[in-house]
Amino acid sequence: MESRYQKLIKQMVIDDQLPQFVFRMRSINRFLFDTLINKEMWFSNPSDFNDPFDCDINMTFNDSQHSSIQSYFDNYLKKQFSTKELEGIDEKNISTVDFEILLNKIAKRVAQRKGIACFLSNCDNLLMWAHYADSHKGVCLKFDILEDTEFFSPAKKVVYTKDYPIYNYLKDKNDFVNQMFFTKSNEWAYEGEVRVLKNKKDNYKFNEKCLKEVIFGCNISEGDKKTLTKIIKQYYPETKLKQAVKKNTMFQLEFKEIE
């Protein structure tokens, strides 16, 4: 039976809120081989990301009523900390500053338990090939979200903004996931990132049918290309192989199918 998330993913693709096809660029190493042979992908902890602001957004409560803050502290937040961690805090009349510090500590603990896999919405960005595919010596994996909605649940496009998010958890608890995991500085907008969020960092299995193409970088070695071709033909007989090639008169790549 499909979960609520799986149905939502399908509808988001229909409504063009998610692309049907997403891409993941990788260097060629044993981790890539493990991914392909075992048909599973590692969902990383946000602490491993290259942006120090990623999944580390602070919340504010300047416009919240103190009664709401005190009630939330008494009924939930206080239980999350040890007696030692609460030393120096007036628990009967908690200040907004102390409350904000404590709640942000909890938010970061939650974030650090999650697992995230990052995908791109296209495969023709030269910077992405340089950064994430070992200077075009790696590969790009093309996935079809609709072929494995369980694996791609929940997924969402990253929102890029020039302004630091101002997020009041007490007033909009339901927006925690969007703000914390799917919001980045617009300096990263060129990535066009799509993220899949899981409850913990771990390897997660995917259906082989969702891997539609493996695209070899334009600088891939013949040895790596031969090894990967053998793996793909053995484990993914329906997956297409393509070769990225530099265009002669433009700063662009074209992708030619390999028979």
Side-chain angles (χ1 to χ4, degrees), residues 13 16 18-44 48-51 116-148 151-152 155 157-158 160 184 186-196 203-204 206-259:
V13 171
D16 202 29
L18 272 178
Q20 180 178 350
F21 300 102
V22 292
F23 304 85
R24 190 166 168 90
M25 294 184 180
R26 280 292 175 260
S27 301
I28 297 174
N29 51 38
R30 69 176 183 86
F31 301 112
L32 174 64
F33 296 147
D34 287 345
T35 293
L36 294 173
I37 293 172
N38 298 325
K39 300 175 184 177
E40 62 183 17
M41 191 177 298
W42 176 253
F43 280 64
S44 302
D48 298 328
F49 293 169
N50 56 5
D51 177 6
I116 299 176
C118 305
F119 299 84
L120 305 174
S121 54
N122 64 73
C123 65
D124 54 9
N125 187 299
L126 299 180
L127 282 176
M128 297 294 94
W129 278 98
H131 292 165
Y132 298 116
D134 192 20
S135 300
H136 297 256
K137 295 190 289 288
V139 297
C140 180
L141 310 177
K142 178 181 179 179
F143 294 92
D144 184 343
I145 287 178
L146 294 181
E147 290 285 6
D148 195 346
F151 176 80
F152 285 100
K157 288 181 179 179
V158 169
Y160 301 96
K184 293 184 70 172
N186 64 357
E187 292 184 28
W188 298 91
Y190 65 92
E191 292 189 343
E193 190 176 344
V194 174
R195 288 183 166 179
V196 182
N203 279 309
Y204 291 85
F206 59 84
N207 188 323
E208 67 180 59
K209 291 183 178 180
C210 74
L211 181 59
K212 293 301 184 183
E213 296 178 5
V214 174
I215 306 169
F216 300 128
C218 62
N219 290 331
I220 192 171
S221 71
E222 285 301 317
D224 286 339
K225 185 174 177 179
K226 183 178 180 180
T227 300
L228 284 167
T229 298
K230 184 177 180 180
I231 291 173
I232 297 304
K233 287 187 178 297
Q234 178 178 350
Y235 292 94
Y236 304 87
E238 298 181 8
T239 298
K240 293 181 180 179
L241 296 174
K242 290 188 175 182
Q243 176 65 60
V245 179
K246 294 187 294 182
K247 289 187 176 181
N248 291 329
T249 59
M250 304 177 71
F251 293 119
Q252 291 181 1
L253 296 171
E254 58 183 329
F255 307 104
K256 297 183 178 180
E257 188 168 347
I258 301 172
E259 297 297 334

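Only heavy atoms go into these numbers, but all of them, side chains included; no hydrogens, no water, no symmetry mates.
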Quiz item: Once you round to the nearest 0.5 Å, how far does CD1 of I145 lie from CD of E147?
Solution: 11.5 Å
Quiz item: Which heavy-atom pair separates C123 from M25 by the least distance, and what is that distance?
Solution: O-CE, 3.7 Å
Self-check item: Sub-4.5 Å side-chain heavy-atom contact between K212 and F21
Solution: yes
Quiz item: Roughly how far, to the nearest 0.5 Å, is NZ of K233 from OG1 of T239?
Solution: 10.5 Å
Quiz item: Do the ring planes of Y204 and F43 sit parallel (below 30°), tilted (30 to 60°) or perpendicular (above 60°)?
Solution: perpendicular
Quiz item: Is E208 paired with K39 through a side-chain N to carboxylate O contact shorter than 4.0 Å?
Solution: yes
Self-check item: Nearest atoms (heavy-atom pairs only) where L120 meets E191
Solution: CD2-O, 3.4 Å
Exercise. Determine, using ring centers only, whether F151 and F143 are less than 6.0 Å apart.
Key: no
Quiz item: Do W42 side-chain atoms and A117 backbone N/O form a donor-acceptor pair below 3.5 Å?
Solution: no
Quiz item: Is a side-chain N or O of D148 found less than 3.5 angstrom from the main chain of N207, in a donor-acceptor match?
Solution: yes
Quiz item: Which one of K256, K242, K240 satisfies the salt bridge (Lys or Arg N to Asp or Glu O under 4.0 Å) criterion with E213?
Solution: K242
Exercise. Please check if atom NZ in K230 has more than 12 non-hydrogen atoms from other residues, nucleotides or ligands closer than 6.0 Å.
Key: no
Quiz item: If you measure from CD1 on I232 to CG on L36, what distance do you get to the nearest 0.5 Å?
Solution: 4.5 Å
Quiz item: Closest heavy-atom contact between N122 and N125?
Solution: OD1-N, 3.7 Å
Practice problem: Locate the shortest heavy-atom distance separating Y236 from T35; write the atom from each residue and the value. | Solution: OH-O, 3.9 Å
Practice problem: Report yes or no: does N29 contribute a side-chain atom to a donor-acceptor pair with the main-chain N or O of L32 at less than 3.5 Å? | Solution: yes
Quiz item: Above 12 or not: heavy atoms from other molecules or residues under 6.0 Å from CD of Q20?
Solution: yes
Self-check item: Spatial distance of atom CG (L211) from atom CE (M41) [nearest 0.5 Å]
Solution: 8.5 Å
Practice problem: For F49 and C118, run side chain to side chain contact (heavy atoms under 4.5 Å, CB included): C-alpha distance rounded to whole Å, both residues' side-chain angles, the deciding distance at 0.1 Å, then the answer. | Solution: CA-CA 10 Å; F49 293 169; C118 305; 4.1 Å; yes
Quiz item: After noting the C-alpha distance and the side-chain angles of L126 and H136, does the key distance pass the side chain to side chain contact (heavy atoms under 4.5 Å, CB included) rule?
Solution: CA-CA 8 Å; L126 299 180; H136 297 256; 4.1 Å; yes
Quiz prompt | Pairwise distance NZ(K225) to CD1(I28) - rounded to 0.5 angstrom | solution = 11.0 Å
Practice problem: Please tell me if the side chains of V158 and W188 come closer than 4.5 Å, counting only heavy atoms from C-beta onward. | Solution: no
Quiz prompt | Stepwise side chain to side chain contact (heavy atoms under 4.5 Å, CB included) check, V194 with F152 | solution = CA-CA 10 Å; V194 174; F152 285 100; over 6 Å; no
Quiz item: Just one of L228, I215, D134 clears the side chain to side chain contact (heavy atoms under 4.5 Å, CB included) bar with V139, so which one?
Solution: L228
Self-check item: is_close_aromatic(Y190, Y160), centroid dist under 6.0 Å
Solution: no
Exercise. Kindly give the heavy-atom pair with the smallest separation between V196 and A155, and that separation in Å.
Key: CG2-CB, 4.0 Å
Self-check item: Nearest heavy-atom neighbours spanning K137 and N219
Solution: CG-O, 3.4 Å
Quiz item: Is the side chain of Q243 donor-acceptor paired with the backbone N or O of G217 at a distance under 3.5 Å, no angle test?
Solution: yes
Practice problem: Flag yes if more than 12 heavy atoms outside E238 fall under 6.0 Å of its CD atom; otherwise flag no. | Solution: no
Quiz prompt | Full working for side chain to side chain contact (heavy atoms under 4.5 Å, CB included) between F33 and T227 | solution = CA-CA 9 Å; F33 296 147; T227 300; 4.1 Å; yes
Quiz item: Is there side-chain contact between Q252 and D124, with heavy atoms separated by less than 4.5 Å?
Solution: no
